[in-house]
Protein chains: 2
Amino acid sequence: MSHTNHHVPTIVIGRLPLYLRALTQLAVEGRRVTSSQELSEKLGFSSAQIRKDLSYFGEFGKQGTGYEIEFLENALREILQVDRVWNMALVGAGDLGHALANYDGFELRGFRITAIFDSAPAKIGAMLGNWRVLPMDTLRETVRAQKIYLAIIAVPAAAAQAVADELVQGGVRAILNYAPTTLSVPPQIKVFHIDPVAGLQSMTYYL
Amino acid sequence: MSHTNHHVPTIVIGRLPLYLRALTQLAVEGRRVTSSQELSEKLGFSSAQIRKDLSYFGEFGKQGTGYEIEFLENALREILQVDRVWNMALVGAGDLGHALANYDGFELRGFRITAIFDSAPAKIGAMLGNWRVLPMDTLRETVRAQKIYLAIIAVPAAAAQAVADELVQGGVRAILNYAPTTLSVPPQIKVFHIDPVAGLQSMTYYL
DNA sequence: CCATGTGAATACATTCACAGCA
DNA sequence: TGCTGTGAATGTATTCACATGG
């Protein structure tokens with residue numbers, strides 16, 4: 001039975017990449033089969049939750065046996081649409097931008113930076129990895145021309161909203177936001193926010 | 001009435017830093033008073049949720065008026081224990097480690113890196129910001145001697161678990177983990193995980 | 001009036017527990 | 001037997017809606 005037309009809670013979607021990550025790790029270790037129990041121990045979710053999450057999308061396991069790792073990996077890649085490589089724009093060529101541009105963990109998991117922008121004259125024209133840093137005022141046209149639908153914002157908080165507006169104008173549909181500020185975007189645009197300090201602050205509460 | 005002895009859901013704790021961030025932003029803009037309605041629009045949570053979250057800790061607002069920004073800011077800083085500055089160890093002096101060591105957004109929000117470690121002989125002894133990169137085998141003693149309770153892991157996934165084990169041995173009680181792997185730590189140790197690729201993958205699902 | 005603080009109602013998420021099948 | 005997939009039961013979180021008091 002196909003389940004793919006039911007509405008899937010966003011919280012479930014948020015866990016799928018973690019399942020995928022764990023499966024890839026197991027595959028690299030040469031494993032062929034796993035179980036909801038094993039994934040549970042590796043990830044810290046209950047085995048029932050893992051089974052239920054997967055059941056939104058189909059029946060991937062074999063009773064009495066478990067899940068064939070490579071098969072489930074491929075299924076999750078397809079569900080998450082990372083059975084391809086997405087081009088991304090990176091905005092901000094500071095320290096963080098450098099780290100992101102040099103990060104080799106994107107490619108294997110479905111992503112690739114193919115355009116880098118900054119507003120500082122000193123940085124424009126410099127090479128960052130394989131790419132030349134482009135001026136901000138070419139952003140909108142470039143992402144539109146290159147059909148880039150994903151972008152990373154790695155600029156100071158004060159500049160982030162203007163960058164987001166430009167990205168949206170250029171046709172970008174999802175933004176990974178490293179600036180410590182909430183972005184205001186149209187409802188169809190996805191934003192995933194990374195704020196390490198917020199993470200730290202939610203931990204110091206418990207210390 | 002004091003509410004601080006009730007159990008507060010972790011999901012609520014996770015939102016407090018975002019409230020604090022928004023309040024600080026308003027304060028910088030020179031604002032003195034705000035409302036759950038205004039914060040709702042800035043942050044994208046419902047106003048009822050914001051009021052309910054805050055009500056776990058006390059009564060901070062004035063009926064008919066709203067919240068005095070500086071007062072609520074200070075209250076949240078105290079609740080989150082960021083009315084002080086926490087020293088942190090940074091493990092990993094690669095590109096990401098550099099970006100973190102140079103990031104000026106920690107200090108104002110309650111954090112400061114005061115010790116940096118790496119295992120690569122080529123990096124040990126080099127200066128990173130104000131600090132000399134120390135060898136991994138001094139980690140445990142150093143964090144213990146300096147009473148460091150927070151650490152950032154910025155090493156490759158394959159090395160992360162061993163680093164976490166050392167940190168825990170040294171007395172670290174909360175870890176900000178940038179390595180794309182789940183860490184196994186004793187239950188009293190807090191871990192906040194940052195995986196940008198997982199964030200991207202949960203967005204491509206919707207594209 | 002206006003906006004908070006909060007019980008009650010609703011909506012959502014997780015876990016239980018077991019039928020079903022390799 | 002062993003482990004999945006899943007309704008039913010439980011547990012959490014969010015929203016509603018209004019009494020309260022500046």
Side-chain angles (χ1 to χ4, degrees), chain A residues 1-19 22-23 26 31-73 75-76 79 202 205, chain B residues 1-19 22-23 26 31-73 75-76 79 202 205:
Chain A
M1 191 195 305
S2 170
H3 303 235
T4 54
N5 296 319
H6 304 8
H7 175 259
V8 182
T10 52
I11 196 162
V12 171
I13 303 304
R15 284 191 292 261
L16 298 186
L18 310 184
Y19 300 159
L23 289 164
L26 286 168
R31 299 284 308 287
R32 295 182 48 77
V33 173
T34 187
S35 64
S36 61
Q37 182 59 50
E38 185 179 43
L39 290 170
S40 163
E41 285 156 18
K42 282 199 117 61
L43 288 164
F45 306 117
S46 77
S47 61
Q49 179 164 81
I50 293 170
R51 292 198 302 277
K52 180 147 279 206
D53 283 356
L54 296 176
S55 78
Y56 280 101
F57 303 96
E59 308 191 356
F60 302 105
K62 287 198 181 70
Q63 287 160 329
T65 308
Y67 301 93
E68 209 276 297
I69 290 171
E70 198 179 309
F71 177 75
L72 184 53
E73 253 193 298
L76 287 174
I79 291 163
S202 65
Y205 172 81
Chain B
M1 191 196 307
S2 169
H3 303 234
T4 53
N5 296 322
H6 304 9
H7 174 257
V8 181
T10 51
I11 197 161
V12 171
I13 302 304
R15 284 191 292 261
L16 298 185
L18 309 183
Y19 301 160
L23 289 163
L26 286 168
R31 301 282 309 285
R32 295 182 49 77
V33 173
T34 187
S35 64
S36 60
Q37 183 59 48
E38 185 179 42
L39 290 170
S40 162
E41 285 157 17
K42 282 197 118 58
L43 289 164
F45 306 117
S46 78
S47 61
Q49 179 164 80
I50 293 168
R51 294 198 300 279
K52 179 144 280 198
D53 284 356
L54 296 176
S55 78
Y56 280 101
F57 303 96
E59 307 191 356
F60 302 104
K62 287 197 182 70
Q63 286 162 330
T65 308
Y67 301 94
E68 210 274 297
I69 290 170
E70 198 179 310
F71 177 75
L72 183 53
E73 253 193 298
L76 287 175
I79 291 163
S202 66
Y205 172 81

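Chain identifiers are assigned alphabetically (A, B, ...) following the order of the sequence lines, protein sequences preceding nucleic acid strands; residue numbering begins at 1 within each chain.
Taking side-chain N and O atoms only, S36(B) has a distance below 4.0 Å to OP1 or OP2 of dT4(C). For the OP1/OP2 pair of dG2(D) and a distance below 4.0 Å, the side-chain nitrogens and oxygens of Y67(A) include no atom meeting the criterion.
In this structure, the separation between CG on L26(B) and NZ on K42(B) is 5.0 Å, given to the nearest 0.5 Å. The line from OG of S47(A) to CD of E41(A) is 9.0 Å long, rounded to the nearest 0.5 Å.
Taking atom CZ of residue F60(B) and atom C1' of nucleotide dA3(C), one finds them 17 Å apart after rounding to whole Å. With rounding to whole Å, E68(A) atom CD is found 14 Å from dT4(D) atom P. Spacing between atom CZ of F71(A) and atom P of dT4(D) amounts to 14 Å, rounded to whole angstrom units. If you measure from atom CD of Q37(A) to atom P of dG2(D), you get 13 Å, rounded to the nearest angstrom. One can place CD of E38(B) at 11 Å from P of dT4(C), the figure rounded to the nearest angstrom. What separates CD1 of I50(B) from P of dT6(C) is a distance of 16 Å, to the nearest Å. If you take CZ of F57(B) and C1' of dT4(C), they are 17 Å apart, rounded to a whole angstrom.
Applying the side-chain contact (heavy atoms from CB on, under 4.5 Å) rule to F60(B) yields the partners L54(B), F57(B), Y67(B), F71(B), L72(B), A75(B), I79(B); only residues at least two apart in sequence or on another chain are considered. R51(B) meets the salt bridge (Lys or Arg N to Asp or Glu O under 4.0 Å) test with no other residue; sequence neighbours excluded. For R32(A), there are no salt bridge (Lys or Arg N to Asp or Glu O under 4.0 Å) partners, not counting sequence neighbours.
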Protein proximity profile, nucleotides 10-18 of chain D - base contact B, sugar-phosphate-only contact S, no contact -, cut-off 4.0 Å on heavy atoms:
---SSB-B-
I'd like a table of atom pairs between the protein and nucleotides 20-22 of chain D - only N or O on both sides, under 3.5 Å - with the distance next to each one.
unit_1, atom_1, unit_2, atom_2, d
dT20(D), O2, Q63(B), NE2, 2.6
dG21(D), O4', Q63(B), OE1, 2.6

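Note that the two end axes of the helix from dC1(C)-dG22(D) to dA22(C)-dT1(D) enclose an angle of 10°, each drawn from 5 base pairs, rounded to 10 degrees.
Partner of F45(A) under the side-chain contact (heavy atoms from CB on, under 4.5 Å) criterion, chosen from L18(A), L39(A), D53(A): L18(A).
Open room surrounds CD on E70(B); 12 or fewer heavy atoms of other groups in view lie less than 6.0 Å from it.
Taking 4.5 Å as the limit, every side-chain heavy atom of Y205(B) sits out of range of all side-chain heavy atoms of P17(A).
Contact detail for L16(B) and L76(B): the closest heavy-atom pair is CD2-CD2, 4.0 Å. I13(B) and S202(A) make their closest contact through CG2-O, 3.6 Å (heavy atoms, listed as atom of the first residue, atom of the second, distance). Taking both residues in full, the closest heavy atoms of I50(A) and S36(A) are given as CD1-O, 3.8 Å, listed atom of the first, atom of the second, then distance.
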